Amino acid sequence: MFDFSLSQEQADLQTLARKFTKAEILPHIQQWDEGRHFERSVIDKLADLGLMGVCIPEEYGGAGMDYNSLAIVCEELEYGDTAYRTAVSVHTGLNSMTLLQWGTEEQKQKYLAPQAQGRKLGAFALTEPDAGSDAGSLRTRAVRDGDGYILNGSKIWISMCDYADNFLVFATVNPEKKHLGITAFIVERAFPGVATRPIKGKLGIHAGNTGEVILTDVRVPVGNRLGEEGEGFKIAMSALDNGRFTVAAGAVGLTRASLDASVKYARERKTFGVEIGRHQLVQQMIAKMESGYQTSQLLVYRAGWMKNQGVRNTRETSLAKWVACDAAFQSAADAIQIHGAYGYSNEYPVERFMRNAKALVIYEGTREIHTLMQADYVLGYRQDKPLNRMLPAWEQSD
Ligand code: COS
């Protein structure tokens, strides 16, 4: 059973998201990128269109579409800029979908529903100054105190930290237990002791928001613990299965942006009496972008198809993320090459593409982590088991 076509609903969504990017992001993005400005109203407009909770079931305030519909939205948004796809990645992929998978009914009603409608924004706070790839060694502490926990620690590289209303925070209840002490909490920005500050001087994603979350004696009610004590590492990894999916889908859009810019330029610019698109070495770079675009998109849709079936897809999502992000970075670098010296300036968008693409091969599992994971799978050192809590399979509502 193979079906490579989009449903009518997905095709309509693609048209909607494409028009949105064209009207709301592309005309302003250079100015926002140069001004290091995150335009919050874009998120509100996405929410009005139902795009902040596209694959969350309608009963929890979402649009009730399938998981590949989320991929479609991510591809279209990142065609405009990485910043807005990143916002959807952390809000929907890493936060809301994790609440859907692991939350109690009460947590879903209280936190997921307003997030799925885009009335509240979610973010994901796992990484720490001394715990990135080695997420299991995080140090943020959660100490049980009556009917709550007291959290202390600091998180870094948290996308959307200055705008999020709710954070999914990972802390350890017992550092000696290593990853088995890690526990997940829903932490509201409004809780006393939560502070955020932006990181300045990033290489790329200038139009986005990234920073630190500092937790000082933050009291979190027991009812805000997601899953059981010690389940946090699994929860974080399962969240990354969805976050990485959105990054991969976004990378497909970034590759398409590099490809479109390169094709346009190659048909306009002439050297040695012909369009540079006629030169075989330029053709080689363009053909490589096309192959990166097509293969990445297929890998993303396969991972999304598996999510729709409700089956574990850690391996397939990791492969999609690795291949798609490498393709996005290589495509952006080649797009600059095709543009020559002009590509090295911000007269054309391709320099922004390359600065942004570099983030993709680092966040949500570096290229090296995914390389190791893939080798381990093939060699039989890593195997995925079904989880006690899976992301719900997609069921068409009508
Ligand atoms: N979903 C659910 N559970 C998962 C899982 C997933 N995707 N991946 C792993 N687990 C579970 C395992 O089943 C295992 O459970 P048991 O203890 O019951 O056996 C447990 O988590 C430990 O898993 P594993 O042995 O695979 O952990 P490792 O220490 O080998 O870590 C890597 C593996 C390196 C792959 C992991 O730490 C990782 O992905 N690091 C990158 C983190 C990252 O992406 N950070 C970016 C944050 S966002 S910017």
Side-chain angles (χ1 to χ4, degrees), residues 82 85-87 89-95 97-98 100-102 122-138 140 155-161 164 167-170 172 177-184 199 202 204-205 208-213 226-248 250-251 303 306-307 310-322 325 358-377 379-391:
T82 305
R85 194 274 307 149
T86 299
S89 286
V90 300
H91 171 82
T92 305
L94 289 173
N95 189 316
M97 288 170 78
T98 313
L100 179 66
Q101 184 168 354
W102 296 90
F124 184 80
L126 173 67
T127 299
E128 298 183 357
D130 288 322
S133 292
D134 184 10
S137 70
L138 61 81
T140 294
K155 300 288 179 177
I156 199 159
W157 299 111
I158 308 306
S159 300
M160 299 297 295
C161 70
F167 298 93
L168 212 49
V169 172
F170 296 85
T172 177
K177 286 192 174 172
K178 306 261 164 69
H179 78 272
L180 294 175
I182 296 175
T183 307
I199 292 172
K202 287 178 297 178
I205 323 189
N209 171 251
T210 316
E212 271 181 89
V213 179
L226 191 66
E228 299 301 322
E229 279 192 9
E231 266 190 323
F233 189 77
K234 273 187 198 181
I235 295 175
M237 291 299 125
S238 68
L240 285 164
D241 287 347
N242 299 325
R244 288 166 178 171
F245 173 69
T246 62
V247 175
M306 292 178 77
K307 288 177 201 294
V311 296
R312 182 100 185 246
N313 53 83
T314 305
R315 178 177 183 168
E316 293 75 13
T317 297
S318 157
L319 184 67
K321 198 273 179 189
W322 175 34
C325 295
K358 192 64 203 172
L360 272 53
V361 283
I362 295 174
Y363 65 21
E364 301 213 27
T366 58
R367 167 194 291 149
E368 291 68 32
I369 287 288
H370 291 294
T371 306
L372 293 174
M373 285 174 73
Q374 292 304 317
D376 281 351
Y377 280 122
L379 288 161
Y381 302 150
R382 173 177 287 276
Q383 273 139 18
D384 291 340
K385 301 174 286 218
L387 293 171
N388 54 345
R389 288 258 198 156
M390 295 297 293
L391 190 66

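One is the number of the first residue; the rest follow in order along the sequence. Here the structure is a predicted model, which is why all the values come from computation and not from measurement. As a basis for the values below, the full set of heavy atoms in this structure was taken, side chains included, without hydrogen atoms, waters or symmetry mates. First listed ligand is number 1; within each ligand, the first listed atom is number 1.
- Neither the backbone nor the side chain of Leu372 comes within contact range of ligand 1; no heavy atom lies under 4.0 Å.
- Ile369 CD1, 3.8 Å is the protein heavy atom nearest to atom 34 (C) of ligand 1.
- Remark: minimum distance from atom 45 (N) of ligand 1 to any protein heavy atom is reached at Gly132 O, 3.8 Å.
- For the atom pair NZ (Lys321) and OG1 (Thr246), the distance works out to 10.0 Å, reported to the nearest 0.5 Å.
- Evaluated for a side-chain contact (heavy atoms from CB on, under 4.5 Å) with Thr317, the options His370, Lys307, Met306 yield exactly one hit, Lys307.
- The protein heavy atom nearest to atom 49 (S) of ligand 1 is Glu364 N, 3.6 Å.
- Here Asp384 does not pair with Arg315 in a salt bridge; the nearest charged N to carboxylate O distance is not below 4.0 Å.
- Per-residue contacts place Thr127 under 4.0 angstrom from the following atoms of ligand 1 (heavy atoms of the residue considered): 47 (C).
- Atom 14 (C) of ligand 1 lies below 4.0 Å from none of the non-hydrogen atoms of the protein.
- Between Tyr363 and ligand 1, no pair of N/O atoms sits closer than 3.5 Å.
- The protein atom (non-hydrogen) at minimum distance from atom 20 (C) of ligand 1 is His179 NE2, 3.7 Å.
- Under the 6.0 Å cut-off for aromatic ring centres, Phe124 and Phe170 qualify, their centroids lying closer than that.
- Within the structure, the closest approach of Trp157 to ligand 1 does not fall below 4.0 Å when heavy atoms are considered.
- The nearest protein atom to atom 19 (O) of ligand 1, hydrogens excluded, is given as Lys385 NZ, 3.7 Å; this is a heavy-atom distance.
- Under a 4.0 Å criterion applied to the non-hydrogen atoms of Gly365, ligand 1 contributes the atoms 43 (C), 44 (O), 46 (C).
- Considering only non-hydrogen protein atoms, atom 23 (O) of ligand 1 sits nearest to Phe233 CE2, 3.8 Å.
- Among protein heavy atoms, atom 16 (P) of ligand 1 sits closest to Lys234 CE, 4.2 Å.
- At a heavy-atom distance under 4.0 Å, only side-chain atoms of Leu387, from C-beta outward, approach ligand 1.
- Between the choices Ser318, Gly230, Ser133, the shortest heavy-atom distance to atom 41 (C) of ligand 1 belongs to Ser133.
- Looking at atom 28 (P) of ligand 1, its nearest protein heavy atom turns out to be Arg382 NH2, 4.3 Å.
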